[in-house]
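Here the structure comes first, spelled out in structure tokens, and everything after it is commentary.
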Amino acid sequence: MNIQITNVNMRYAEGALESVQVFFNGQDQERTISISGYVPLAAEEYVGNESVTALTGLIKQSVSERLLETPAEV
């Protein structure tokens with residue numbers, strides 16, 4: 001899956017980083033599957049992972065976990 005980060009929004013509270021939203025688009029090699037959205041990160045998750053490579057890894061991990069979640073009973 002090819003993931004492209006499109007935007008990073010940072011939220012500050014009292015001058016300190018509070019949270020980050022990492023927006024992305026992605027598709028598979030054949031472009032038959034497409035995905036987009038954002039991954040919310042706490043400041044602690046973002047600090048040390050500011051590089052595009054690190055953020056892409058966090059996005060892939062988060063999306064994978066979400067796709068594999070067991071649906072809640074209704």
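Any value given below was found using the heavy atoms of this structure, including those in side chains, with hydrogens, waters and symmetry copies removed. Along the sequence shown, the residues carry numbers beginning at 1.
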Indicate if L55 and M10 have the same hydrophobic cluster label, given that clusters are the connected sets of ILVMFWY residues with side-chain heavy-atom separations under 4.5 angstrom. yes
Full working for side-chain contact (heavy atoms from CB on, under 4.5 Å) between M1 and V63:
CA-CA 11 Å; M1 175 99 10; V63 169; over 6 Å; no
- Should V22 and L58 be marked as a side-chain contact (heavy atoms from CB on, under 4.5 Å) after you check the CA-CA gap, both sets of side-chain angles, and the distance that decides it? CA-CA 10 Å; V22 183; L58 289 175; over 6 Å; no
Looking only at heavy atoms, the pair that brings E18 and A13 closest together is OE2-CB, 3.7 Å
Hey, quick one: are Y38 and V20 part of the same hydrophobic cluster, counting side-chain heavy atoms closer than 4.5 Å, chains of contacts allowed? no
Does CD in Q4 sit with more than 12 non-hydrogen atoms of other residues, nucleotides or ligands closer than 6.0 Å?
-> no
Grouping I, L, V, M, F, W and Y whenever their side-chain heavy atoms are under 4.5 Å apart, do I5 and Y46 come out in a common cluster? yes
Could you go step by step and tell me if F24 and T56 meet the side-chain contact (heavy atoms from CB on, under 4.5 Å) rule?
CA-CA 9 Å; F24 67 92; T56 300; over 6 Å; no
Here the pair of heavy atoms bringing L17 nearest to A43 is O-CB, 3.3 Å
task = Look at the side chain of E50 and the backbone N and O of G48, then say whether any donor-acceptor pair between them is shorter than 3.5 Å.
result = yes
Looking only at atom types and distance, does a side-chain atom of D28 sit under 3.5 Å from a main-chain N or O of I33, one as donor and one as acceptor?
yes
When rounded to the nearest 0.5 Å, the distance separating OG of S36 from CD1 of I3 is 10.0 Å
If you count the non-hydrogen atoms of other residues, nucleotides and ligands that lie under 6.0 Å from CD in Q29, is the total more than 12? no
When rounded to the nearest 0.5 Å, the distance separating OG of S64 from CD of E69 is 11.5 Å
(Q) Could you see if V39 belongs to whatever hydrophobic cluster contains L67? Use Ile, Leu, Val, Met, Phe, Trp, Tyr and a side-chain cutoff under 4.5 Å. (A) yes
